[in-house]
Q: 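Please see the structure below; I have some questions.
Since the model is a prediction, treat every value here as computed from it, not as a measurement.
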Amino acid sequence: MQRKKLLLPLMALFAFLLALFLQAEEKDKNFYGNFLFGYRLVDTSGTIQKYKEDIKLDDGLRLFTFSLHYIPPEGSKSFFDRIDFNVNNFGGDPFETFGLSIQKFGKYKFQYDRKKAEYFYDDRHEVGTGVLYDQHTFNFERITDSGFLKFFLGRNINIFLNFDRFTKKGESVTTFNIERIDFEFDKPIREDSKQVSLGAELHVKRFSLVFEEKMQEYENSNSLFLPGYANGGPNAQYPSALNFFDLSEPYNLKTSTHSFRLNARPFAGLLVSGSAQISDQDLDLDYSEKADGLTYLRRKVSYDFEGKGNFERKFQLYDLDITYLLFNKLAIIGAVRYQDFKQ
């Protein structure tokens, strides 16, 4: 947050200087852009949780929109032909976007996008005692980063590199039934996934081939814990109680995929398309559960379990489609599918 408070005034100064520069360069169509910068004042009353669920806009400086485009003049296009830069709702809004694109026509294209989304849920209801209460709450942030870089090596060959990352972090509260009582637990949200792919495209007059290697990794903390002593309350049907409880099941999933795609038209009237995909998955799981308390029969219970798990999966998917056009309204179609799964 401190970094954003420092960054926003700097962005405002940059936007002001940019406005002066754009005005001076008004006749130059190679460099253009626009921005909307301001301060939002928010006045709320009533249930703040409902406001956060539906709107969740806060006070503060905001860079609502920022768009900048640059096309070098002829004779100055050694490294790139165009740059595009876009920012929306920067400064703390629940939805922020950022985008950067650089390209040299016929040589390469680079693009990076970042999206942030916040989610809040705390839909409280009145219980018998008149207290507002909700057993399930969520407050987390999702960030998606995606980028690709493509090189055009010639008229027929392209090489590409793609990167995608998704993170989800925050807090939540949920319920878990133990000894006939629904206890409330804190459930941290920690998810992270990454995907990188490298491939090549070959396009000739009657054939199109695509080769791709892809690596994926997904991690999830998957845990919940009791923040302190808890029981069913003074009017509970059962005397169940917990001094502490901790459940942790973090896991890591890795996937590698080799794929091939073909589209061809060997001669007029014959269409051939096919693909092959071979994937390997490896999952590692750690398990830990600790508890201490009373059962619904008022008996002491205490345990500490631990364990590990691992499994491997192998997929093979193949398909081939052949279409022969006899004439405009009639075609003969043949298809072959093969799938193999091992675990």
Side-chain angles (χ1 to χ4, degrees), residues 3-4 6-37 62-91 93 95-117 142-167 193-205 207-216 259 261 263:
R3 292 178 61 187
K4 283 190 175 181
L6 178 62
L7 187 58
L8 277 170
L10 293 177
M11 293 282 292
L13 178 61
F14 174 74
F16 176 74
L17 296 176
L18 177 64
L20 297 178
F21 180 78
L22 289 175
Q23 185 176 6
E25 300 291 328
E26 189 174 6
K27 296 181 180 181
D28 187 359
K29 301 301 182 182
N30 297 98
F31 188 63
Y32 60 96
N34 61 79
F35 68 91
L36 177 61
F37 180 83
R62 295 291 185 274
L63 182 60
F64 297 104
T65 61
F66 183 89
S67 178
L68 184 64
H69 310 275
Y70 178 61
I71 303 174
E74 293 295 333
S76 302
K77 298 182 178 181
S78 301
F79 301 103
F80 57 86
D81 292 328
R82 182 183 181 96
I83 294 180
D84 299 285
F85 178 67
N86 296 281
V87 177
N88 291 286
N89 303 321
F90 183 76
D93 277 3
F95 300 98
E96 295 180 358
T97 63
F98 169 92
L100 174 65
S101 174
I102 305 175
Q103 56 183 317
K104 174 82 174 168
F105 300 122
K107 297 296 183 180
Y108 73 88
K109 182 176 182 180
F110 167 78
Q111 184 166 329
Y112 170 74
D113 294 287
R114 182 181 179 89
K115 300 180 178 67
K116 188 204 77 172
R142 292 166 291 189
I143 297 178
T144 303
D145 295 284
S146 61
F148 77 85
L149 177 62
K150 177 180 281 191
F151 291 99
F152 304 93
L153 302 183
R155 296 177 112 189
N156 304 323
I157 301 178
N158 305 324
I159 294 178
F160 61 87
L161 174 67
N162 295 337
F163 172 79
D164 295 281
R165 180 174 183 178
F166 172 80
T167 58
S193 67
K194 296 183 285 290
Q195 177 177 296
V196 179
S197 59
L198 175 65
E201 301 173 344
L202 173 64
H203 303 282
V204 293
K205 187 175 182 180
F207 295 88
S208 176
L209 303 175
V210 179
F211 301 90
E212 185 176 12
E213 294 289 322
K214 184 184 299 182
M215 296 293 295
Q216 298 170 285
S259 61
R261 297 186 295 275
N263 287 288

Q: So, taking the atom named CZ in Phe160 and the one named CG in Asn162, what distance separates them when rounded to the nearest 0.5 Å?
A: 6.0 Å
Q: Mind checking side-chain contact (heavy atoms from CB on, under 4.5 Å) for Gln195 and listing every partner two or more places apart, or none if nothing turns up?
A: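 Gln195 satisfies side-chain contact (heavy atoms from CB on, under 4.5 Å) with Asp164, Lys214, Gln216 only.
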Q: Angle class for the Phe85/Phe66 ring planes (parallel below 30°, perpendicular above 60°, tilted otherwise)?
A: perpendicular
Q: Hey, could you give me the CG/OH distance between Leu68 and Tyr32, rounded to the nearest 0.5 Å?
A: 9.5 Å
Q: Taking all atoms of both residues into account, what is the closest heavy-atom pair of Ile83 and Leu100, and its distance?
A: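 What the structure gives for the nearest pair is CG2-CD1, 4.3 Å.
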Q: Sequence neighbours left out, what passes side-chain hydrogen bond (donor to acceptor under 3.5 Å, both in side chains) with Lys194? Give chain and number order.
A: Asp192
Q: Would you please name every residue forming a side-chain hydrogen bond (donor to acceptor under 3.5 Å, both in side chains) with Arg114, sequence neighbours left out?
A: Asp145
Q: Who are the side-chain contact (heavy atoms from CB on, under 4.5 Å) partners of Leu153, not counting sequence neighbours?
A: Phe151, Ile157, Ile159
Q: If you compare all heavy atoms of Ser67 against all heavy atoms of Asn86, which two are closest, and at what distance to 0.1 Å?
A: OG-OD1, 3.1 Å
Q: Under the rule for ring-ring contact (aromatic ring centres under 6.0 Å, His included), what residues qualify as partners of Phe163, not counting sequence neighbours?
A: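 In terms of ring-ring contact (aromatic ring centres under 6.0 Å, His included), with neighbours along the sequence ignored, Phe163 is linked to no residue.
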Q: With sequence neighbours left out, write down each residue that passes side-chain hydrogen bond (donor to acceptor under 3.5 Å, both in side chains) with Gln111, or none if nothing qualifies.
A: Asp113
Q: Under a 4.5 Å cut-off applied to non-hydrogen side-chain atoms, are Phe80 and Tyr108 in contact?
A: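 Yes, their side chains come closer than 4.5 Å.
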Q: Rounded to the nearest 0.5 Å, what's the gap from CE on Met215 to OG on Ser197? Could you check?
A: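 Separation between the atoms: 11.5 Å.
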Q: Are any side-chain N or O atoms of Arg82 and backbone N or O atoms of Gln103, one a donor and one an acceptor, separated by less than 3.5 Å?
A: no
Q: Tell me, please, which residues at least two apart from Tyr112 pass ring-ring contact (aromatic ring centres under 6.0 Å, His included).
A: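 Partners of Tyr112 by the ring-ring contact (aromatic ring centres under 6.0 Å, His included) criterion, ordered by chain and then number, come out as Phe98.
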Q: Specify the closest pair of heavy atoms between Phe95 and Asn89, including all atoms of both residues, with the distance to one decimal.
A: O-CB, 3.0 Å
Q: Report the distance from atom CG of Asn156 to atom NZ of Lys205, rounding to the nearest 0.5 Å.
A: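 It is 12.0 Å, given to the nearest 0.5 Å.
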Q: Please give me the minimum heavy-atom distance between Leu149 and Phe110, naming the atom from each residue.
A: CD1-CB, 3.8 Å
Q: Quick one: does Arg165's side chain get under 4.5 Å of Val196's, heavy atoms only?
A: no
Q: Listed by chain and number, what are the side-chain hydrogen bond (donor to acceptor under 3.5 Å, both in side chains) partners of Ser208, not counting sequence neighbours?
A: His203
Q: Can you tell me how far apart CG (Asp93) and CZ (Phe64) are? Round to the nearest 0.5 Å.
A: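 Output value for this atom pair is 6.5 Å.
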Q: Can you measure from CZ (Phe166) to OG (Ser146) and round to the nearest 0.5 angstrom?
A: 12.5 Å
Q: Enumerate the salt bridge (Lys or Arg N to Asp or Glu O under 4.0 Å) contacts for residues 150-161, please, sequence neighbours excluded, ordered by first and then second residue.
A: Lys150-Glu201
Q: Taking Phe90's backbone N and O only, do any of them form a donor-acceptor pair with Lys116's side chain (distance below 3.5 Å, no angle check)?
A: no
